[in-house]
Participant: 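The structure under discussion is supplied below as structure tokens; questions concerning it will follow.
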Protein chains: 2
Amino acid sequence: MTRPSSGLHDRILASALHLFVERGYRGTSLQDIATDVGCSKASLLYHFSNKEAILTELMAPVMREAERLDARLDGLDGAAAAETAVTEFAELAIRYRREVKMLFDNLAEATTLGTALQKPESFGERLVNAFAGGSLAPADQVAARMALGGMFLTAADLSLDDAVLRDLLVATALRTLGRTPD
Amino acid sequence: MTRPSSGLHDRILASALHLFVERGYRGTSLQDIATDVGCSKASLLYHFSNKEAILTELMAPVMREAERLDARLDGLDGAAAAETAVTEFAELAIRYRREVKMLFDNLAEATTLGTALQKPESFGERLVNAFAGGSLAPADQVAARMALGGMFLTAADLSLDDAVLRDLLVATALRTLGRTPD
DNA sequence: TCAGACTCTGACCGATCGGACAGTTATCGT
DNA sequence: ACGATAACTGTCCGATCGGTCAGAGTCTGA
């Protein structure tokens, strides 16, 4: 680069994340982001090919972590799958709190939106299965969905110390699943 | 009325509910609804003063039930509050599945939107407190949020028999809260 | 029969959306 | 000193948004 980088790229991401979380993806216009950053709307489209590219880049780290977790769960079953899934998902949901909140604030639009929010959908289903320990019994499936949904919502909403909240999420989710933590 | 009512009013509501659930409130334009109904966009605004009025009327029955539940919880505390809240909320969430799904699909926009989606916010907080049995301990608060969030998401997503799902929601939520059902 | 009320619509409006593009400015290596 | 290139912006665009309005068509009660 010739001109000293002002770090605009990262500032755009920061503002976009903040606004997407607060008002949703559709509820945030490029002009909103530009105003918040303090640059022109055209600058956004210089750094990102389009609006969705901003969302995609914001979600990229979460997606990577999600795929890693997905791979780890692949060989597991039963109690091992459930406990691993719960523990790792808690860690992930806490670390990427804002991204997680952004994600489910736009679940309805996920279908319309491109690939940025489509992988998480199938990932969610595999997580539910892991939570259920592979069981297809209605009671286990419902418990799995409730545990996952509960962690999802609670991690995004609550403002508690990260470590404390993570441990509580894990313990409570395991209780929901009927698996007493060791 | 002079001309035999074509029931357009209700058909608009039905289409709007369907589309709001599928694509979100912001993701659904008046033209989308009009096309789905098979009438002109101007007809929508003949029957409803504006777009938000459609949403408000869709949410009206849920709001009434929510207020009734709210009143019932007012005098209760501890285990009685938790069990009543869980049981009644399960009933409500199941009966108004689609409206509930519509509600949390638009949580991020609730602040922007008018009164239609604002009452539920404070109602949610009171529900959490009831779920927690009045306790302010972090463990109880987290469990309450997870139980509520879990019911919320699971009632909206799953396609199970109503009665079966309702009983499972109640049993699982009580387990999450650490309250063994009688 | 006919005035009036009800239902519905086409045409139009200003605002805003995401995005395209040519041009300006600043800074680099040579 | 001087292109070359990266960073950035003003301006414009077509599409679509929610919403208005004058009127057309249709039925009822007097």
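In what follows, chains carry the letters A, B, and so on, assigned in the order in which the sequence lines appear, proteins first and then strands, with residues in each chain numbered from 1.
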Participant: So, OP1 or OP2 of D:dT9: does either fall under 4.0 Å of a side-chain N or O from A:Ser40?
Facilitator: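 So the side-chain polar atoms of A:Ser40 do come within 4.0 Å of the phosphate oxygens OP1 or OP2 of D:dT9, strictly under.
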
Participant: Distance-only check: which donor-acceptor pairs under 3.5 Å involve side-chain atoms of residues 163-173 of chain A, not counting sequence neighbours?
Facilitator:
residue	atom	partner	partner atom	Å
A:Arg166	NH1	A:Glu91	OE1	3.2
A:Thr172	OG1	A:Leu168	O	2.6

Participant: What is the distance from CZ of B:Arg11 to C1' of C:dC8, rounded to the nearest Å?
Facilitator: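 Checked: the CZ to C1' distance equals 12 Å.
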
Participant: Rounded to the nearest 0.5 Å, what's the gap from CZ on A:Arg97 to CG on A:Leu92? Could you check?
Facilitator: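 Here the rounded value is 13.0 Å.
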
Participant: OP1 or OP2 of C:dT7 sitting under 4.0 Å from any side-chain N/O of B:His47?
Facilitator: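 Negative; the distance criterion is not met.
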
Participant: Any side-chain N or O of B:Tyr46 under 4.0 Å from OP1/OP2 of C:dT7?
Facilitator: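 Looking at the OP1 and OP2 atoms of C:dT7, one of them is under 4.0 Å from a side-chain N or O of B:Tyr46.
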
Participant: Round to a whole Å and report the spacing from CG of A:Leu44 to P of D:dG10.
Facilitator: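 Answer to the nearest Å: 12 Å.
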
Participant: Classify every nucleotide of nucleotides 12-22 of chain D by which part a protein heavy atom approaches to under 4.0 Å, writing B for the base, S for the sugar-phosphate alone and - for neither, in 5'-to-3' order.
Facilitator: -----SBBBB-

Participant: Do A:Tyr25 side-chain atoms and A:Glu52 backbone N/O form a donor-acceptor pair below 3.5 Å?
Facilitator: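 The answer is yes, because a donor-acceptor pair under 3.5 Å joins these two groups.
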
Participant: Main chain of B:Leu19, side chain of B:Thr28: is a donor-acceptor contact present, judged purely on distance under 3.5 Å?
Facilitator: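 Judged by distance alone, yes, a pair lies under 3.5 Å.
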
Participant: Sorted by first residue and then second, give each salt bridge (charged side-chain N to carboxylate O under 4.0 Å, His left out) pair with at least one member in residues 27-38 of chain A; sequence neighbours left out.
Facilitator: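 Listed once each, the pairs are A:Arg23-A:Asp32.
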
Participant: Separation of A:His9 atom NE2 from D:dC8 atom P, in whole Å?
Facilitator: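 Distance, rounded to whole Å: 11 Å.
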
Participant: Is it true that a side-chain atom of B:Lys101 and a backbone atom of B:Glu22 form a donor plus acceptor pair closer than 3.5 Å?
Facilitator: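 It does not hold such a pair.
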
